There are 2 protein chains.
Amino acid sequence: MAGPRRPTLEDVAARAGVSRALVSIVIRDAPGASPRTRERVRRAADEIGYRPDARARLLSRGRSRLLGVVFGVQHAFHGDLVDGLYLAAERLGYDVALSAVTPRRDEERAVAGLLQDRCEALVLLGPGMPTSRLAALAAQLPVVVVARAVRHRAVDVVRTADDEGLRLAVEHLVGLGHRRIAHVDGGRAPGAAERRRGYGAAMAAHGLDPRLVPGGLTEDDGAAAARVLLAEGLPDAVTVFNDRCATGLLDVVRRAGVDVPGRLGVVGYDDSRLARLSHVALTTVAQDADRLTELAVTRAVQRLDGEPVAERELVVAPRLVARSTTAPR
Amino acid sequence: MAGPRRPTLEDVAARAGVSRALVSIVIRDAPGASPRTRERVRRAADEIGYRPDARARLLSRGRSRLLGVVFGVQHAFHGDLVDGLYLAAERLGYDVALSAVTPRRDEERAVAGLLQDRCEALVLLGPGMPTSRLAALAAQLPVVVVARAVRHRAVDVVRTADDEGLRLAVEHLVGLGHRRIAHVDGGRAPGAAERRRGYGAAMAAHGLDPRLVPGGLTEDDGAAAARVLLAEGLPDAVTVFNDRCATGLLDVVRRAGVDVPGRLGVVGYDDSRLARLSHVALTTVAQDADRLTELAVTRAVQRLDGEPVAERELVVAPRLVARSTTAPR
DNA sequence: ACCTATCACTAGAGCGCTCTAGGGCCAGGC
DNA sequence: GCCTGGCCCTAGAGCGCTCTAGTGATAGGT
């Protein structure tokens with residue numbers, strides 16, 4: 001259990017018969033030690049099970065090279081993003097500190113924790129906080145918002161071209177011969193406004209009448225929207241705010257005996273793991289999680305390095321993934 | 001963006017005209033300062049926007065009061081547990097450091113990160129690593145495994161009585177008049193063996209023939225199991241390894257025209273958010289996430305405090321939550 | 001008057017590391 | 001022979017905090 005004391009540089013130095021500084025050099029793979037000594041020090045370190053203390057290291061280095069990430073623990077898509085963030089950060093020599101938003105832990109708590117940990121920059125996944133609050137944070141340290149549009153010059157944004165995503169969805173459906181296409185809305189959720197707009201524009205471009213149904217970002221919201229559609233009359237197809245919402249909708253309409261894709265086409269959004277499940281096989285608009293995270297981390301690092309950046313907002317193109325919930329009419 | 005320098009204790013001290021130590025006392029709410037000075041120091045701190053540096057604080061305090069948590073970013077139930085862990089840890093004055101297991105970041109990486117951060121103890125949610133590896137970790141620091149049984153005297157375990165959970169599920173189904181009850185197995189997943197065993201025992205107790213179908217912990221595994229059941233003949237009801245797997249199964253059997261709960265009863269496991277969704281309304285065996293996390297954190301702290309513990313393994317009773325996927329036959 | 005106790009506060013060491021300066025030592029150039 | 005420039009290494013300061021030991025000052029007891 002709790003050993004006597006965790007070994008420190010000093011211990012390794014004593015065992016290898018060298019100075020503390022030399023051990024530090026070896027551990028950091030810094031120049032300034034002969035191969036022989038290097039080997040000897042490394043062996044000594046291994047023997048006593050030395051592990052560098054990240055905190056002390058950061059303290060003395062002056063910088064933490066730590067990227068704070070706020071994510072929603074219940075969002076499948078955030079999981080995909082976190083995966084990408086770890087990868088991208090490592091590539092640039094940064095560490096990631098995760099702080100979760102949970103049902104009983106709000107964004108402010110999550111952010112406060114990261115600030116205490118001396119994160120150098122913040123990456124916020126689909127944050128719900130007001131723009132003014134984001135701006136206040138951005139005054140303290142670089143802030144990169146992912147998957148939500150923010151109109152403020154101090155806040156960097158990396159997001160998918162959500163309007164374009166809905167255009168793709170509508171085009172896809174129109175191409176399959178659908179005319180009456182409804183959109184289940186995301187309300188105030190991040191990205192919802194853009195998707196709504198893209199939907200409206202695409203419908204207009206085809207001379208079709210738009211039909212908006214209130215929705216949200218959870219399965220339950222989708223289920224509720226499904227009930228509305230069933231009660232008020234089914235369209236040919238429906239584009240849904242996100243995959244979670246779409247699966248809720250799917251479940252309810254199918255149980256009501258509606259043939260999908262025969263009678264009703266359904267298009268989701270995110271291409272989360274959910275959509276890819278073989279039995280769901282949801283046609284969806286894919287967000288490129290790896291690209292989004294790569295850009296987010298790169299941007300954060302650019303800000304930290306004081307590099308000038310051309311575009312405050314980076315917009316990644318979405319991609320339509322046709323699966324089994326859409327078919328020719 | 002990056003201000004000139006983050007303010008330190010020294011800065012606050014200078015502004016308030018007191019010593020660094022006094023400021024420390026005030027910030028920590030420690031005894032040893034007059035109310036007047038306290039007020040003055042606090043104001044000075046506010047004025048320059050001082051925030052304590054968690055790292056320096058931990059370094060000097062000798063202990064980190066940091067609990068490392070390894071969780072699977074894609075597991076809905078882990079999300080519930082993380083929520084509980086934050087709460088329980090805060091109550092005992094500990095902080096939580098999260099480290100995610102993602103598709104491209106394995107458990108070893110996750111654990112290594114936490115060790116570097118000087119976590120005092122590890123809480124591992126449904127870890128997949130071998131017992132020997134867990135034991136090796138436990139030799140370095142207290143390790144509490146949640147939601148998986150581990151037979152090793154150095155590793156603490158907090159889990160649900162999974163065999164009892166399956167007994168509840170079977171009793172429930174038998175009580176509703178079902179006789180042919182199958183179990184979709186979790187294979188090598190944490191908890192699967194106990195659930196399998198509980199299922200077998202309960203079936204035997206009722207003189208019923210068990211029927212095991214290979215499954216797993218994802219929706220896809222459930223979908224595959226459903227196809228097997230459909231091909232080989234439906235039972236009256238089925239108990240499923242977990243909720244995710246159950247929803248996959250549900251989706252496939254329903255689309256095949258099977259009436260649930262009329263023709264087939266389905267019982268899940270975990271009572272994750274998934275099961276609670278109104279349109280899913282899955283009958284399931286609830287794991288008490290709050291209790292599990294409370295116990296896990298308490299145990300970790302006991303170990304750190306060197307308190308003797310009676311039971312290495314803490315087993316929490318499950319509870320059956322009857323919803324709409326089961327009904328009298 | 002003196003001694004002691006208490007309170008408010010400060011000096012300074014130290015947590016485990018990094019990093020700058022600088023000290024030997026040897027090879028090579030003059 | 002001496003200087004120069006590497007190379008390998010060490011001493012020691014310092015990161016921002018906590019905490020122990022101790023200093024004055026005031027109050028209370030005799």
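Throughout, a chain's letter reflects where its sequence line sits, starting with A, and its residues are numbered from 1. Please read all numbers here as calculations on a predicted model, not as lab measurements.
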Sugar-phosphate, base or nothing in reach of A33(A), heavy atoms under 4.0 Å: sugar-phosphate

Side-chain heavy-atom pair T293(A), L87(A) within 4.5 angstrom cut-off: no

Interatomic distance where CD belongs to E10(B) and C1' belongs to dT18(D) [whole Å]: 14 Å

Spacing of R28(B) atom CZ relative to dG16(D) atom P, expressed in whole Å: 17 Å

Test item: side-chain donor near acceptor, S34(B) and R38(B), under 3.5 Å: no

Polar side-chain atom of Q287(A) near backbone of D270(A) as donor-acceptor pair, under 3.5 Å: no

Nucleotide nearest R20(B) (side chain, heavy atoms from C-beta), chosen from dG12(C), dC8(D), dT10(D): dG12(C)

Any S34(B) side-chain nitrogen or oxygen under 4.0 Å from OP1 or OP2 of dC9(C): yes

Below 4.0 Å: OP1/OP2 of dG16(C) and any side-chain N or O of T8(A): no

Short side-chain to backbone donor-acceptor contact, R63(B) and L58(B), under 3.5 Å: no

Distance in angstrom units between I25(B) CD1 and dC19(D) P, rounded: 10 Å

Distance, rounded to the nearest Å, where L22(B) contributes CG and dC19(D) contributes C1': 13 Å

Residue V18(A), side-chain atoms from C-beta onward, closest of dT10(C), dT10(D), dT18(C): dT10(D)

dA11(D) OP1/OP2 closer than 4.0 Å to side-chain N/O of S19(A): no

A21(A), nearest nucleotide to its side chain (from dT18(C), dG12(D), dG16(C)): dG12(D)

Side-chain N,O (T37(A)) to OP1/OP2 (dC9(D)) below 4.0 Å: yes

Spacing of D11(B) atom CG relative to dG16(D) atom P, expressed in whole Å: 8 Å

Donor on one side chain, acceptor on other, R109(B) and S99(B), under 3.5 Å: no

Step-by-step salt bridge (charged side-chain N to carboxylate O under 4.0 Å, His left out) determination, R15(A) to D46(A): CA-CA 11 Å; R15(A) 180 170 248 268; D46(A) 280 353; over 6 Å; no

Smallest separation among heavy atoms of A121(A) and L304(A), with atom names: CB-CD1, 4.2 Å

Between C1' of dG16(D) and CD1 of I27(B), the distance in whole Å: 13 Å

Atom pair distance, as rounded to whole Å: CD in Q116(B) and C1' in dG16(C): 13 Å

Strand contacts (DNA chain C) in residues 46-67 of chain B, 4.0 angstrom heavy-atom criterion: L59(B), S60(B)

Value in whole Å for how far the C1' atom of dT10(D) lies from CG of L9(A): 14 Å

